[in-house]
Structures are given as structure tokens and as C-alpha cells.
2 protein chains.
Amino acid sequence: MPFQIPDSLILPALIERPFSMHYDFSDDDAARYRLDEQVGFLLRKASQRHLSIFSQNLSALTATQFAALAKLCELGPTSQNALGRATAMDAATIKGVADRLRARDLVTAEPDPVDRRRHYLIPTEAGRALYAELAGAALKISTETLAPLSDKERETLLSLLAKMG
Amino acid sequence: MPFQIPDSLILPALIERPFSMHYDFSDDDAARYRLDEQVGFLLRKASQRHLSIFSQNLSALTATQFAALAKLCELGPTSQNALGRATAMDAATIKGVADRLRARDLVTAEPDPVDRRRHYLIPTEAGRALYAELAGAALKISTETLAPLSDKERETLLSLLAKMG
DNA sequence: TCAATACCATTTGTATACCAACGAATGTGA
DNA sequence: TCACATTCGTTGGTATACAAATGGTATTGA
């Protein structure tokens, strides 16, 4: 690690500020901000890496489509919006995902006899078979995503992510 | 928490399998798979929450646009693709982001005198001013995203995410 | 019962995100 | 010098993701 000249010697911001600032931060935020250390950037990069591993190991479906199919197989017949809530997709997003799953005959829609607004989504035989066939690969993808971490670190990461909600 | 009937009593999968499987997993992967425990799903949900906090606290730019502008202010004049690499965006993505920043006069493009393929991206005065103005909010967003965690947990999470690449 | 409210599914519009392909320019090695 | 590969920026296509608006339906409360 080479010697780092501190920002305070490089950036004249702290000197050239005769008046008080309009926000609540004591130091020069622009100088302190490091993109590579922000949690949002690290989350985005980790997600990108995961999705890359996913598509390499499971090309039949996207990660989102697999999530919807898996949850639907887990829950059984579910309305479209309810499936969206269970998979963290808003109504507009789950619509597109469900459409693409239906176009491939992995899912069908049945009108709800009680509530005429609703349509149940139901996995087809082909959908259940594909899920059963791919579940192993999906588990392997999770393992591979966490491969850089030790067993204890994996557990820690998952619990911290869950805690962040 | 009401009593939960264990899956083994509901799902006949473990009983109804007379032959060996075609893949390497000893148990019924489809029955073992829980979307809510997979790292990819947890990463997606954490990112969603972060982006929601971001847009609530900083509506002038998207998180991606702010990331590109911040990195450009940090690096100085940079070719478009190089900025994309520095911010984890591929060539097609950074193109759109740079176009939108240029449309708002936060960034300009200058031809590279040595390499006629390249254009330098350079933050304008307005771009630097906006970055300086918003950097504090961006730091606050990171803090708020990590708010459910203790100080020690925050540090742990960031280092584990960084370790995952 | 009826009006206000909430929910369901859909549509439109914008913004990432990535793949694949492309022409132009640059770099390389023999 | 010249074929080859690489890089740069762009384009077209597909797939999330979310905001906002809409029409239809259901629920609720006075």
C-alpha cells in the first residue's frame, strides 16, 4: 500500500468555504464519498455476479422467472398480484413474468370463481417438471455465489441481508 | 406462530421415487428449495430497499446516474467505456446513462486527440456542483440503508459483500 | 344501502441491464 | 507491411423494475 496523501491536503474545499453549508454534514461530503464503499454499489455488484452465475448454470429460465415458478410451486394456486408480493415483484413486473411463463406453458391461469377480479396462476405439469429438474441447479447456483465465503461467513451474510429486509 | 405441518408430511416426493435421480443431489431439491433463503433473492430485496430509500432522499438523479457522475468527478476525464467499467456498467448501459447526463448538461464529451474512437466524458460545472450538493444525501442514504444493523454488523456486511466481488 | 375505499389486473412510460452484432479505429505479430 | 485481434462506441432486442393512471370488482362503514 503506497503512501496516500490525505484528501485534506489535496482538496481545497475545507479552506475555500467562507460560509456555512446548507446541509448537516461537517466535512466535505463530495471528497469523502467513495462509490466503491457504498452499500448500494456493493449490493449491485454482488447481484450482478449472482445473475451471471445463474445464467451460466441455468439457461432455461431467467432468475426472476425461476423465482416466480418456484414460489408458485411452493404456494400452489395463487393470484398474480399475490405471487408478485411473495416474490418481491410489483404488479407490472409480475405481469410480464407471468405472461412469459404462460407463453411457454409452464403456468396457466384460471378465473377465481369467487372474486371476478382475480385469476389463479397454476403451474402446469411441464412447469412442475421443469422446476423439479432445475431446483438442484438453483441450489448449486446459490452455493457458487457464496463460494468466496467461509461457512460461517455465508451464514452471517444471509442473516444480515435478511435483517436489512 | 401457528403450528406448521412439516413438508415431509405434505409432499410425497421422498416416498414416490423408486429410481435414482439424474443429478447429484441426494434429496429432493424441489422440496428443499426455499426462495426466501437464497442469496440471490435476499440480494434483490436488499437492493430494492436501498433503491427505494435512494429515490425518496435524492430525487434529482437515479442511483445509477449519481454513481456515474460521482465516479466521473472522482476520476476526471474518462472514456465512456472506461467509466462503465469503473461503475460496473456494460457499454450499452453506460451509453444510456451518459446520454441522460449529457442531456441535462451535467456531463460533456470531448474527442480524444490521440485515439479517434474515443470521447472523453467530463463533468460540467453544473455536474460538479450537483455532485457536491448531493454527496451528503448519498452518504445519508447509505447510512439509512444500513440502519437495521449495528455498527459491527455494518462493517461485516460491507466486507462480506466486497469479498463476494 | 350507498358512498368511500381498497384491491386486481392492465397499460404506458422511463430507466437499468445485458446479449449480440456492427463499423471504425487501433494494436499486434510475423 | 499486412492479416489478425482488440477496443470503442453504437444499435437492436429482450427482460426486469417501478411510477402513475385506468376500469372493473369487492369491501367497508355510516
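Convention: sequence-line order gives letters A, B, ...; per-chain numbering from 1.
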Among the candidates C:dC8, C:dT11, D:dT11, find the nucleotide nearest to the side-chain atoms of B:K95.
-> D:dT11
Indicate yes or no: does B:R116 engage B:D112 in a salt bridge with an N to O separation below 4.0 Å.
-> no
Name the residue closer to the 5' end of DNA chain C, choosing between A:A91 and A:R44 according to the nucleotide with the nearest heavy atom.
-> A:A91
State the OH-CG distance between B:Y131 and B:L106, to the nearest 0.5 angstrom.
-> 14.0 Å
Whole angstrom value for the distance that separates P of C:dT16 from CZ of A:F41 = 15 Å
Contact class for A:S55 vs. all strands (heavy atom < 4.0 Å): base, sugar-phosphate, or nothing?
-> nothing
Return no unless some side-chain N or O of A:T93 is found under 4.0 Å from OP1 or OP2 of D:dT16.
-> no
Should the pair A:D99-A:K95 be classified as a salt bridge under the 4.0 Å nitrogen-to-oxygen rule?
-> yes
Would you indicate, yes or no, if C:dT16 has its OP1 or OP2 atom less than 4.0 angstrom from a side-chain nitrogen or oxygen of B:T62?
-> yes
Can you find a donor-acceptor pair, distance only, under 3.5 Å between A:R116 side chain and D:dT25 base?
-> no
Spacing of B:Q56 atom CD relative to D:dC18 atom P, expressed in whole Å | 12 Å
Does A:Q48 place a side-chain N or O at less than 4.0 Å from the phosphate oxygens OP1/OP2 of C:dC18?
-> yes
Is B:T64 near enough to C:dA17 that one of its side-chain N or O atoms lies under 4.0 angstrom from OP1 or OP2?
-> yes
When you match B:D99 and A:V114 each to their closest nucleotide on DNA chain D, which lands nearer the 5' end?
-> B:D99
Rounded to whole Å, CG of A:L61 lies from P of D:dT14 at a distance of 18 Å
Nearest-nucleotide pick for A:R100, side chain only, options being D:dA15, C:dT26, D:dG9 | D:dA15
Quick one: does A:R118 reach the base of C:dC8 with a side-chain donor-acceptor pair under 3.5 Å?
-> no
Integer-rounded Å distance: D:dA15 P and A:I94 CD1 = 14 Å
What nucleotide, of D:dA19, C:dC18, D:dC8, holds the atom closest to the side chain of A:D90?
-> D:dA19
Salt bridge flag under 4.0 Å for residues B:K152 and B:E155 = no
Which nucleotide in the set C:dC18, D:dT25, D:dT10 lies at the smallest distance from any side-chain heavy atom of B:A92?
-> C:dC18
A:L83 atom CG is separated from C:dA9 atom P, nearest whole Å, by 10 Å
Rounded to whole angstrom units, what separation is found between the CD atom of A:Q80 and the C1' atom of C:dC7?
-> 14 Å
Between D:dA17 (P) and A:Q65 (CD): distance, integer Å = 11 Å
Under a 4.0 Å N-O cut-off, is there an ion pair linking A:D36 with A:R34?
-> no
For the pair made of CG in A:N81 and C1' in C:dA6, what is the distance, rounded to whole Å?
-> 13 Å
Phosphate contact (D:dC8 OP1 or OP2) by B:R85 side-chain N/O below 4.0 Å | yes
Is the side chain of A:R118 donor-acceptor paired with the backbone N or O of A:P111 at a distance under 3.5 Å, no angle test?
-> no
